[in-house]
Undergrad: 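Provided herewith is a single structure, encoded as structure tokens, for subsequent inquiry.
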Amino acid sequence: MTTVTQRDLTRLRDALGPLRDREQVAARLLESSAKHSFDPDRELDWDAPLEEGKWFWPPELVSLYDTPLWRRMPEEQRIDLARHEAASLASLGIWFEIILMQLLVRHIYDKSVTSNHVRYALTEIADECRHSMMFARLIQKGGAPAYPVPWVYHNLARVLKTVSTTPGSFAATLLGEEILDWMQRLTFPDERVQTLVRGVTRIHVVEEARHVRYAREELRRQMVTAPRWEQELTRLSCGEAARVFSVCFINPRVYGSVGLDPREAVAQVKASGHRREVMRSGARRLTDFLDDIGVLRGPGRRLWKSSGLLA
């Protein structure tokens with residue numbers, strides 16, 4: 001078996017160019033973390049009352065936007081749906097971040113505990129702990145219930161994270177981070193949205209930018225150095241993760257919570273050209289990247305298409 005040295009790794013490249021030194025990337029991310037990390041309990045005014053008539057999510061990002069059902073809904077019901085969808089997305093975010101933390105711990109288990117790479121992974125885990133608590137507190141403040149993913153997908157995720165390869169773990173990380181990040185970048189500057197929601201999304205966007213960089217750099221490295229069987233399994237598991245993610249994105253129970261027929265609502269969301277474009281726009285930066293580094297191939301690509309996230 002040939003040993004790949006650090007010098008060998010610095011000479012490796014993919015379609016995007018030479019691979020960067022892992023330790024140097026982590027050092028820069030640790031420096032950024034030291035300058036731009038937040039304590040949501042102190043940064044945000046959790047005691048301030050919610051603002052009358054303001055949205056909990058931009059209306060254009062609400063799943064039913066511009067459907068026949070949406071056009072029949074009064075403004076108050078639309079805002080209420082946005083409140084419940086924000087709770088559903090926060091619940092999804094917590095679920096995904098708990099999975100991510102497990103995958104990161106597994107990734108660093110055999111690595112040098114004094115390396116910058118491991119130090120940054122632990123820093124990211126601390127970030128994700130704060131994010132999960134922040135999202136839970138936002139759900140409580142908004143007054144909507146938590147919306148856990150359906151039982152079958154909750155348990156399917158147990159299998160996916162157990163069999164996930166190292167590159168598969170980072171591909172799944174990007175799937176969970178980049179689509180929501182795109183939506184949150186539209187949310188935090190939107191003055192129609194509740195101040196608290198804007199504050200939560202601003203913190204998440206700033207800190208997730210580092211997480212995305214870490215995951216992208218490591219996924220590139222893994223897809224170059226992993227054996228072929230691992231690359232193929234990564235493509236397949238990543239495609240299945242995309243399919244599960246798209247199904248779980250909004251819990252259908254939100255529609256019943258605001259007095260709508262869930263079956264009619266789900267059918268209209270599936271038929272909505274606007275919603276399809278929103279989801280593909282949110283995923284486009286990610287799918288372009290995954291395509292460039294060779295993840296979107298074979299059966300995995302077909303799964304991505306079936307998810308609706310890839311045209």
Undergrad: On the ring face of Tyr120, is Arg213 found with NZ or CZ under 6.0 Å from the centre and within 45° of the axis?
TA: no
Undergrad: Kindly determine whether Phe188 and His204 satisfy ring-ring contact (aromatic ring centres under 6.0 Å, His included), including the steps that lead there.
TA: CA-CA 10 Å; Phe188 78 78; His204 200 246; over 10 Å; no
Undergrad: For Gln222 and Thr166, which I'm curious about, is there any donor-acceptor pair between the side chains at under 3.5 Å?
TA: no
Undergrad: Say whether, by atom type as modelled, one donor and one acceptor occur between the side chain of Lys161 and the main chain of Ser169 under 3.5 angstrom.
TA: no
Undergrad: What is the minimum heavy-atom distance between Ala157 and Trp95, and which atoms define it?
TA: CB-CZ2, 3.5 Å
Undergrad: Indicate whether any N or O donor in one side chain lies under 3.5 Å from an N or O acceptor in the other, for His274 and Glu277.
TA: no
Undergrad: Classify the side-chain pair Thr234/Thr165 by whether it contains a donor and acceptor separated by less than 3.5 Å.
TA: yes
Undergrad: Indicate the atoms forming the closest heavy-atom contact of Ser112 with Val118, along with that distance.
TA: O-CG2, 3.1 Å
Undergrad: Can you see whether Ser257 engages Tyr147 through a side-chain donor-acceptor pair at a distance of less than 3.5 angstrom?
TA: yes
Undergrad: Do side-chain atoms of Ser306 reach the backbone of Leu303 as a donor and acceptor pair under 3.5 angstrom?
TA: yes
Undergrad: Checking Arg228 now: which residues fulfil salt bridge (charged side-chain N to carboxylate O under 4.0 Å, His left out) with it, not counting sequence neighbours?
TA: none
Undergrad: Checking side chain to side chain contact (heavy atoms under 4.5 Å, CB included) against Phe289, which of Leu296, Val212, Leu16, Val295 comes through?
TA: Leu16
